[in-house]
There are 2 protein chains.
Amino acid sequence: MARPKTYNRQEAVVKACKAFWEHGYQALGVRELERLTGLNQFAIRTDFGGKEGLYLEAMRFYADAAIATAMPPLRAGGIPAIVAFLRNLVTVGSMTSSPWGCLVVNTGIENARVQSGRLTEAVAYYWDALETHFKLALEIAQDSGDLPNDVEIDGLAKGLVAGVMGVHATNRSENSNTAGTDLVEILCGHLTLLRAS
Amino acid sequence: MARPKTYNRQEAVVKACKAFWEHGYQALGVRELERLTGLNQFAIRTDFGGKEGLYLEAMRFYADAAIATAMPPLRAGGIPAIVAFLRNLVTVGSMTSSPWGCLVVNTGIENARVQSGRLTEAVAYYWDALETHFKLALEIAQDSGDLPNDVEIDGLAKGLVAGVMGVHATNRSENSNTAGTDLVEILCGHLTLLRAS
DNA sequence: TCTATTTCTATACATTCGCATAGAAACAGT
DNA sequence: ACTGTTTCTATGCGAATGTATAGAAATAGA
């Protein structure tokens, strides 16, 4: 009944995600975006709502992929799961490790003063999810006696989220998967010391 | 002998610094830059080398101000000086605290894939200075017996730098001077635990 | 094969970008 | 006052921005 699309939507979103991840939002023009995603301008406008719409969909994909893949182990893993999660941030080949840092961190910084509302929401959504997962892991650690009960969990979870942002920021700034390693080791070491005390 | 300039160079650089700090590099056009700094396009081009030249001078100003004011206490202060430095990052009114995060962090992330060489250099210059100062403070802590000698100082200093980046990234992302507080407390707490162990 | 529907390609749009230039304006020295 | 020098204002440049649109192309069903 109609001319078929020349692209696969999922693949296009994945490519758009990588493109924005690497180049940022403003620095990536629509014409180069076509080239990198295989989409045409008409499709970007009609099917995705323009450049910003595609960006939002790419963010959603990025966030959901991390939430569905990297975070679940935290739900029942206690401190070892947190340590594993943090180490993955600086492990070559890991899904959450990249010389481009993290799309959500990059977005939060690049668009902090522009924030289109929908962008702010997408960024907050991701960090809330991570904070919640950290909190779950810490609660399990306390319940199993692996972490003293006098440790203030809410602040610790928030602090770990900020630490994750620092790891990603360092990785991107130095264009290396492993630049944030020393911070990861501080965070892991701190969790270990809390456990012992 | 000539028509006097209508602006004060120092003041203009300070204003440009704040403008780039808040809005980022790409998002800030030359015409709005004129408005925010009091400079005219001719002066931006002739006296500063265009938009990028002014940006570099603003970065240099920002870095030198921090190096000259915020870092010196680290040179002889040991761990308490580190703790004070970190707390300042999330203290309203402190020079190193801002809802816009840190100009160098923002630059490192926004321009990570563009890097004009001179920008990369300016970013690296700043973090090298901070790392060196952290190392000095940690050495003093070890020499005075305040920190065990088996603590690996180089990695710790690097990790603290990454932590500082995380604090700034969090502050900017949440548009708050104090959003990174929990990470600061983790870092300070870790230093304290290292001291005790 | 013809039609209806959807997507594609190609082009054009107004706006903005940073930068450049020409002429007016403001001084110091004579 | 006049001159020489520098800086200012005003305007314009080509290129790039994201978006819009018109007509060609490709399909399914009749």
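Heavy-atom basis, side chains included; hydrogens, waters and symmetry copies ignored. Order of the sequence lines fixes the chain letters, A, B, ..., with proteins taken first and strands second; residue numbering starts at 1 for each chain.
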TODO: Round to the nearest Å and state the distance from Leu39(B) atom CG to dC8(D) atom C1'.
DONE: 12 Å
TODO: Would you mind reading off the distance between Asp47(A) atom CG and dT19(D) atom P, rounded to a whole angstrom?
DONE: 14 Å
N/O to N/O distances under 3.5 Å, protein versus nucleotides 18-22 of chain C:
{"from": "dG18(C)", "atom 1": "OP1", "to": "Leu28(B)", "atom 2": "O", "distance (Å)": "3.4"}
{"from": "dG18(C)", "atom 1": "OP1", "to": "Lys51(B)", "atom 2": "NZ", "distance (Å)": "2.5"}
{"from": "dG18(C)", "atom 1": "OP2", "to": "Val30(B)", "atom 2": "N", "distance (Å)": "2.7"}
{"from": "dG18(C)", "atom 1": "N7", "to": "Arg31(B)", "atom 2": "NH1", "distance (Å)": "2.9"}
{"from": "dG18(C)", "atom 1": "O6", "to": "Arg31(B)", "atom 2": "NH2", "distance (Å)": "2.8"}
{"from": "dC19(C)", "atom 1": "OP2", "to": "Lys51(B)", "atom 2": "N", "distance (Å)": "3.2"}
{"from": "dC19(C)", "atom 1": "N4", "to": "Gln41(B)", "atom 2": "OE1", "distance (Å)": "2.4"}
{"from": "dC19(C)", "atom 1": "N4", "to": "Gln41(B)", "atom 2": "NE2", "distance (Å)": "3.2"}
{"from": "dA20(C)", "atom 1": "OP2", "to": "Arg45(B)", "atom 2": "NH1", "distance (Å)": "2.4"}

Task: Set of side-chain contact (heavy atoms from CB on, under 4.5 Å) partners for Glu57(B), sequence neighbours left out - done: Arg9(B), Val13(B), Phe48(B), Arg60(B)
- [ ] Report yes if the distance between the aromatic ring centroids of Phe85(B) and Phe134(B) is under 6.0 Å, otherwise no.
- [x] yes
Task: Side chains of Tyr7(A) and Thr37(A), donor plus acceptor under 3.5 Å - done: no
Open item on the list: Tell me the interatomic distance from Tyr7(B), atom OH, to dA26(C), atom P, rounded to whole angstroms.
Closed with: 17 Å
Open item on the list: If we check side chain to side chain contact (heavy atoms under 4.5 Å, CB included) with Glu174(A), which of these qualifies: Asn177(A), Thr178(A), Thr170(A)?
Closed with: Thr170(A)
TODO: Round to a whole Å and report the spacing from OH of Tyr55(A) to P of dT17(D).
DONE: 17 Å
Task: Set of residues satisfying side-chain contact (heavy atoms from CB on, under 4.5 Å) with respect to Asp182(B), sequence neighbours excluded - done: Lys158(A)
Task: Between dT7(C) (C1') and Phe48(A) (CZ): distance, integer Å - done: 13 Å
Open item on the list: The criterion is side-chain contact (heavy atoms from CB on, under 4.5 Å); which residues satisfy it with Glu121(B), sequence neighbours excluded?
Closed with: none
Anything under 3.5 Å between a protein N or O and an N or O of nucleotides 25-27 of chain D, put it in a table, one pair a line.
{"from": "dA25(D)", "atom 1": "N3", "to": "Arg3(A)", "atom 2": "NH1", "distance (Å)": "3.1"}
{"from": "dT27(D)", "atom 1": "O2", "to": "Ala2(A)", "atom 2": "N", "distance (Å)": "3.4"}

Open item on the list: Check this for me, if you would: do Glu131(A) and Lys135(A) make a salt bridge, where the nitrogen-to-carboxylate-oxygen distance has to be below 4.0 angstrom?
Closed with: yes
TODO: Could you tell me whether Thr46(A) contacts a base, only the sugar-phosphate backbone, or nothing, with contacts defined as non-hydrogen atoms closer than 4.0 Å?
DONE: nothing
Open item on the list: Just the rounded figure in Å: distance from C1' of dT9(C) to NZ of Lys5(A).
Closed with: 16 Å
Open item on the list: I'd like to check the side-chain contact (heavy atoms from CB on, under 4.5 Å) partners of Leu36(B); sequence neighbours left out, ordered by chain and number.
Closed with: Ala19(B), His23(B), Leu28(B), Glu32(B)
